[in-house]
Amino acid sequence: MIVVVGGGVTGLSTAFWLARGGHAVTVVEKGIVGWEASGRNGGGCSHAYSPLFREEQRLWPMMDELLGHPTEWRPNRIRIALDAGQLERLAAGSRIAADQGFRIERLDHAQLREFVPWVGDDVAGAFFWHCGGHANPQRTSQAYAWAVERHGGRVMQHTAARAICVRGGRAVAVETSAGEIGCDAVVVAAGPHGAALMAPLGHRVPIAPARVEMIVTEPLPAIAHGGVDGNGLYGRQTLRGNLAYGGGPHEWLDIDGEATPRAVNTPVVASLARRLTELFSRLGHVRVIRSWGGVVENTPDGRPILDRLADPSNVIFASMSSVGFGLSPATGRALAQIVLQGHCDFADLSQLRLSRFGNLPLDWRARMGWEALPA
Ligand SMILES: Cc1cc2nc3c(=O)[nH]c(=O)nc-3n(C[C@H](O)[C@H](O)[C@H](O)COP(=O)(O)OP(=O)(O)OC[C@H]3O[C@@H](n4cnc5c(N)ncnc54)[C@H](O)[C@@H]3O)c2cc1C
């Protein structure tokens, strides 16, 4: 039995790949599946910086069929720069995708306007990525959970993992609010709560929780490629036509116990709305109808941690550092392989080991200016 702690997209995708392969798996989720960052995010699936990018791009077009439920995945990404600095960063990111064999096209203003009629004249440049994409986070989270169950796995909601019980250098059980569950291996994919589960095992996981927020506008007529980024914002047009956008700044938090603070901070929402009307200057009249917050965890170098511990050797740890939704099909497949065979055979994940933070000073959050804001 493999126990997965955390019913976000990382844990659920891992459980899906394991269950699909015929392995006994139980997911324990302290709340309901996808209720934390996994169901609250921007839905972007375009992580060119990740060693899992190729697999992310290979898998997304198949996910609806693999999971047996719609994720609302849509291909391609349009990326817009409003000034020279943004254009430089955009070009650098586009080169990273192009260097991996993906087609990236520079758009002139007329072409951009054809794709995105909402932009004004203040555009410094734009790219069309013939890769990347976006999906509906809530539908995707639920689709993973149903697929786990269809393949014979178990998803226990409202069940919190309290501790990992170790005997003879191996995890033998997970102590939960519903009793002890015996295990052959444990995958910890508990988002910002993962560090607390790892500390009693003697592992310090440097992650700083932060709240990030999204706004949603009233619906607009659908455009052909609704995944459009720029001006520090990421987001998508939903199938109904609403624009759902997020994009910092991070509000650093401390997390105690099992609760996750999510209340929305009005200045951040106002900043999102302002930047959205700068990006789409023809949409100044469109109303924001909803907003919400979600909590992500961030590592010091901004990259995920995906690792099988040396001790206890059957504990696998995952923390996605703010980029976990889009990568989830690939992350789950990689983690399933790490559980079963000790390594991932389709991507080099050595740069994502926990040990890279071995020499990190204890006060790293203070040094980076990532300490929680006063309440
Ligand atoms: C507003 C916002 C926008 C974002 N935009 C994007 C985007 O466009 N693209 C992208 O790729 N990523 C995006 N992200 C990041 C992405 O959502 C996360 O990286 C991803 O969802 C992480 O998934 P996870 O399963 O690792 O963690 P989580 O979604 O945090 O799930 C962890 C789960 O573990 C559960 N849990 C915690 N402790 C315990 C315990 N002790 N016992 C049992 N269960 C426990 C929690 O309840 C939770 O459901 C965004 C995030 C937010 C908040």
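Counting convention: from 1, in listed order, for ligands and their atoms alike.
- The distance from ligand 1 to the heavy atoms of Gly326 drops below 4.0 Å at these ligand atoms: 10 (C), 11 (O).
- Arg211 does not count as a contact of ligand 1, since none of its heavy atoms falls under 4.0 Å from the ligand.
- With ligand atoms numbered from 1 in the order given, ligand 1 contributes 1 (C), 2 (C), 52 (C), 53 (C) to contacts under 4.0 Å with heavy atoms of Val212.
- Protein heavy atom at the shortest distance from atom 3 (C) of ligand 1 is Tyr234 OH, 3.2 Å.
- Not a single N or O atom of Arg40, backbone or side chain, sits closer than 3.5 Å to an N or O atom of ligand 1.
- Summary of contacts: the protein heavy atom closest to atom 2 (C) of ligand 1 is Asn41 CA, 3.6 Å.
- Polar contact check, Val296 against ligand 1: no nitrogen or oxygen pair lies under 3.5 Å apart.
- A donor-acceptor pair under 3.5 Å links the side-chain atoms of Gln341 to the main chain of His343, judged by distance alone.
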(request) Evaluate the criterion salt bridge (Lys or Arg N to Asp or Glu O under 4.0 Å) for residue pair Arg58 and Glu55; output intermediate values, then yes/no. (result) CA-CA 5 Å; Arg58 188 183 77 83; Glu55 188 67 357; 2.9 Å; yes

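- Counting only N and O atoms by type, the side chains of Tyr144 and Ser328 include a donor and acceptor under 3.5 Å apart.
- Closest to atom 47 (O) of ligand 1 among all protein heavy atoms lies Glu29 OE2, 2.6 Å.
- Between the side chain of Gln337 and the main chain of Asp345, a donor-acceptor pair closer than 3.5 Å is present.
- Crowding of Gln138 atom CD: a count of heavy atoms from other residues, nucleotides or ligands under 6.0 Å not exceeding 12.
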Show me the donor-acceptor pairs within less than 3.5 Å that the side chains of residues 152-160 make with the rest of the protein, sequence neighbours left out.
from: Gln157; atom 1: OE1; to: Val33; atom 2: N; distance (Å): 2.8
from: Thr159; atom 1: OG1; to: Gln157; atom 2: O; distance (Å): 3.0

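- Using modelled atom types, one side-chain atom of Arg356 and one backbone atom of Leu352 make a donor-acceptor pair closer than 3.5 Å.
- By the 4.0 Å heavy-atom criterion, Pro192 is counted among the residues contacting ligand 1.
- Looking at heavy atoms from C-beta onward, Asp184 lies out of side-chain contact with His23 at the 4.5 angstrom threshold.
- The protein atom (non-hydrogen) at minimum distance from atom 42 (N) of ligand 1 is Ala161 N, 2.8 Å.
- No N or O atom of Ile32 sits closer than 3.5 Å to an N or O atom of ligand 1.
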Indicate every side-chain donor-acceptor pair of residues 122-131 with a distance under 3.5 Å to a residue at least two apart or in another chain.
from: Trp129; atom 1: NE1; to: Ser94; atom 2: OG; distance (Å): 3.2
from: His130; atom 1: NE2; to: Glu105; atom 2: OE1; distance (Å): 2.7

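- Between Phe325 and Trp73, a ring centre-to-centre spacing not shorter than 6.0 Å is recorded.
- For the pair Arg74 and Trp60, the cation does not sit on the ring face, since its NZ or CZ is not both under 6.0 Å from the ring centre and inside 45° of the axis.
- Note: no N/O pair closer than 3.5 Å links Trp35 and ligand 1 by distance alone.
- Taking any N or O of Val5, backbone or side chain, none lies under 3.5 Å from an N or O belonging to ligand 1.
- The distance criterion of under 3.5 Å between nitrogen or oxygen atoms is not met by His193 with respect to ligand 1.
- Between Trp370 and Trp364, the angle of the ring planes goes over 60°, which puts this pair in the perpendicular group of the 30/60° scheme.
- An N or O contact shorter than 3.5 Å links Phe325 to ligand 1 by distance.
- For ligand 1, the polar-atom distance check against Lys30 finds a nitrogen or oxygen pair separated by under 3.5 Å.
- Within the structure, the closest approach of Ala189 to ligand 1 falls below 4.0 Å when heavy atoms are considered.
- Atom 23 (O) of ligand 1 has its nearest heavy-atom neighbour, among Gly8, Ser38, Gly324, Gly42, in Ser38.
- Polar contact check, Gly44 against ligand 1: a nitrogen or oxygen pair lies under 3.5 Å apart.
- Residue contact annotation: Val33 has no non-hydrogen atom under 4.0 Å from ligand 1.
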